[in-house]
Amino acid sequence: MRTRDGAAVGVAAGAVTLGVAELMAALWTGWLGSAGSPSPLLAIGGAFVDRTPAWLKDWAVSTFGTADKMALAVGMILVIATVVAVIGVLNRRRTGLAQALFALVGVIGMAAVLSRPGSSAPDVLPTVAATLVGLWLLRALPRWLADRGDPQRSDVESLDAGLDGRFDDADRASRRDVIRVAGGLTVLGILGVVAGRAMSAGSATAEKVARAFRLPTPRTPVSVPAGASLDVPGVTSYLTPNDGFYRIDSALQVPRIDPAEWSLRVYGLVDKEIELSFEELLAEEHLEKLVTLTCVSNEVGGNLAGNARWIGWPIRELLARAGVQPEADMVLSRSIDGWTAGTPIEALTDDRDALLAVGMNGEALPREHGFPVRMVVPGLYGYVSATKWVTELKVTRFDADEGYWTPRGWDALGPIKTASRIDVPRNAETVAAGDVVVAGVAWAQHRGIDAVEVRVDGGDWQAAPLREEPNVDSWRLWSWTWPATEGEHELEVRATDGNGEVQTDQIAPPAPDGASGYQRIRIKVRAD
């Protein structure tokens with residue numbers, strides 16, 4: 001058997017193994033309602049994300065943006081394909097060693113499954129069964145292909161060759177057989193993975209059930225004034241549509257949560273532990289708030305920010321009901337998938353209206369954004385506050401607990417820095433000489449924006465007229481008319497927050513506490 005044929009056999013065995021594992025994991029979850037992650041692909045991906053250092057997360061988000069999970073999935077598949085291809089080549093001469101390595105890959109998958117929150121020993125059974133199928137294929141497929149290539153060989157000779165790993169050119173199977181059989185098995189394995197993922201993602205019926213409840217009527221409904229928006233093509237809309245809102249989180253598969261089974265536990269440094277059901281949460285008096293959320297991985301001038309109307313119950317009322325003890329200075333929130341965020345307790349108990357949100361822009365929360373309940377906390381980056389699919393609030397201290405990203409090198413407090421962005425014209429765009437509208441957005445959540453200025457080619461700063469600011473927790477749109485002259489020019493923007501503090505020009509990367517500096521774009525102006 002030729003080297004490339006051995007690689008094809010290894011890839012086929014690996015693909016079938018993954019396909020069987022994903023199908024069985026989907027059935028396992030559906031039938032038994034496992035709280036863990038029996039899918040080895042998701043488990044390995046989750047384990048990798050858990051161990052991602054700050055610099056690598058920052059690089060992945062800046063490079064792939066909201067497609068970071070797709071990039072991780074593609075990378076995982078390429079790595080797995082390479083590993084099993086090498087094992088397949090090794091299988092030509094040293095079958096025992098190849099099978100041991102294949103089994104080791106299966107053990108790694110099992111360990112990853114057990115490492116996921118909520119997993120138990122039975123959750124490894126899909127991976128165990130699939131690994132056994134792969135091992136059988138790794139041994140049987142070369143033997144079968146060798147027999148196809150030499151129909152006169154006796155069964156004893158075939159068995160001896162398979163056990164000894166002696167599949168050389170004397171055993172040659174036709175290239176057509178290898179492509180047809182190994183290729184077909186690989187395709188079947190891929191289809192199994194796709195089907196398993198689709199089954200795990202949930203049905204349309206489940207989605208309808210998730211949307212069946214009626215949003216509570218807020219006591220403070222939001223009406224966005226017309227003066228907050230900016231009618232300039234290409235400029236960010238004041239409200240970000242739900243399907244256009246950025247998504248950055250560590251969940252490789254969006255959790256499926258039945259609202260009837262959801263509950264929120266409040267415990268720790270409190271006078272009274274509380275467990276709140278979804279029905280009880282909906283019965284409380286809700287607020288509607290305009291809040292801009294920002295990811296700490298957002299680069300200067302980046303688009304990992306969005307503004308929405310959120311309906312929810314103030315977290316401060318829940319914490320007051322539990323009775324926060326004086327020594328507490330942090331709340332550790334936990335998602336159903338195990339992700340955690342450490343939030344300064346002041347941000348959850350002051351007047352900024354941090355919410356347990358159930359609605360977004362007049363609709364139930366999309367699953368991707370935390371259905372049925374998530375946290376929305378103005379003024380803090382998401383990694384220390386915006387817990388989706390939240391199930392626990394532990395009242396604690398920073399010296400006793402830490403959130404998911406803090407031990408990975410990120411700042412523990414995460415206040416949002418003042419930022420501004422030019423939406424139009426785009427960087428490297430060519431425009432005609434004359435009056436050119438320069439416009440964009442600025443934010444400094446819970447402080448507000450008092451001024452935005454633009455300058456050209458390092459000259460004097462020019463004040464940009466601002467649109468209305470409904471509240472200090474959401475962004476503010478601005479525009480400025482530039483008398484553009486022919487040539488190449490550099491435009492910069494900066495903002496001043498509601499406390500009178502000017503946006504810093506000091507350049508800093510996202511890690512460990514958010515990017516800073518002025519956005520600079522280059523524009524070419526042609527003669528009109």
Side-chain angles (χ1 to χ4, degrees), residues 1 3-29 37-45 47-48 73 75-114 121-148 158-159 161-165 167 173 177-197 199-200:
M1 179 172 283
T3 298
R4 61 186 180 182
D5 295 343
V9 167
V11 170
V16 170
T17 299
L18 286 178
V20 171
E22 293 302 315
L23 282 171
M24 290 188 65
L27 295 172
W28 192 262
T29 303
S37 179
S39 159
L41 271 179
L42 289 182
I44 291 171
F48 175 81
M76 284 172 51
I77 290 171
L78 290 176
V79 170
I80 292 171
T82 300
V83 170
V84 293
V86 170
I87 290 174
V89 172
L90 185 63
N91 191 51
R92 296 167 55 240
R93 302 293 181 185
R94 303 187 64 183
T95 303
L97 178 58
Q99 294 228 323
L101 291 176
F102 197 95
L104 178 61
V105 173
V107 169
I108 292 172
M110 297 172 209
V113 167
L114 289 175
D123 288 328
V124 304
L125 291 179
T127 306
V128 171
T131 301
L132 292 175
V133 171
L135 286 169
W136 176 81
L137 269 179
L138 196 65
R139 178 176 291 270
L141 189 54
R143 182 188 314 159
W144 186 86
L145 288 170
D147 287 344
R148 292 279 297 178
S158 296
L159 179 60
L163 292 176
D164 295 341
F167 296 108
D177 282 341
V178 173
I179 293 174
R180 181 167 55 86
V181 177
L185 288 172
T186 300
V187 171
L188 283 175
I190 293 171
L191 291 176
V193 171
V194 172
R197 293 291 85 236
M199 291 166 62
S200 296

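On a predicted model such as this, the values are computed, not experimentally measured, just so you know.
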Asker: Can you name the nearest heavy-atom pair linking Pro126 to Ala25, along with the distance?
Answerer: CB-N, 3.9 Å

Asker: About how many Å separate CD1 of Ile44 and CG of Leu41, when rounded to the nearest 0.5 Å?
Answerer: 6.5 Å

Asker: Among pairs that include at least one residue of residues 7-27, which meet salt bridge (Lys or Arg N to Asp or Glu O under 4.0 Å), considering only residues two or more places apart or in two chains?
Answerer: Glu22-Arg197

Asker: Any idea which heavy atoms bring Leu138 and Pro142 closest together, and the distance?
Answerer: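 Nearest heavy atoms, Leu138 then Pro142: O-CD, 3.2 Å.
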
Asker: With rounding to the nearest 0.5 Å, note down the distance linking CG in Leu132 to CG in Leu137.
Answerer: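 Answer for the CG-CG pair, Leu132 versus Leu137, is 11.5 Å.
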
Asker: Ignoring hydrogens, what is the shortest heavy-atom contact between Val16 and Leu185? Give both atom names and the distance.
Answerer: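 Nearest pair, atom of Val16 first, then Leu185: CG2-O, 3.5 Å.
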
Asker: Can you give me the closest heavy-atom contact between Ala12 and Leu141, atom names plus distance?
Answerer: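 Ala12 and Leu141 have their closest heavy atoms at CB-CD2, 4.4 Å.
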
Asker: Under the salt bridge (Lys or Arg N to Asp or Glu O under 4.0 Å) definition, can you give me all pairs with a residue in residues 75-91, not counting sequence neighbours?
Answerer: none

Asker: With side-chain contact (heavy atoms from CB on, under 4.5 Å) as the criterion, how do Val105 and Ile87 come out once you've worked through the C-alpha distance, each side chain's angles and the decisive distance to 0.1 Å?
Answerer: CA-CA 10 Å; Val105 173; Ile87 290 174; 4.2 Å; yes

Asker: To the closest 0.5 Å, what do you measure between CZ (Arg139) and CG (Asn91)?
Answerer: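 CG of Asn91 is found 8.0 Å from CZ of Arg139.
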
Asker: If every non-hydrogen atom of Val11 is compared with every non-hydrogen atom of Ala81, which pair is closest and at what distance?
Answerer: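 Shortest heavy-atom contact: CG2-O, 3.9 Å.
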
Asker: Which heavy atom in Leu23 sits nearest to a heavy atom in Gly196, and how many Å separate them?
Answerer: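 Minimum heavy-atom contact is CD2-N, 3.9 Å.
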
Asker: For Leu135 and Thr131: C-alpha separation, side-chain torsions, deciding distance, then whether side-chain contact (heavy atoms from CB on, under 4.5 Å) applies.
Answerer: CA-CA 6 Å; Leu135 286 169; Thr131 301; 4.2 Å; yes

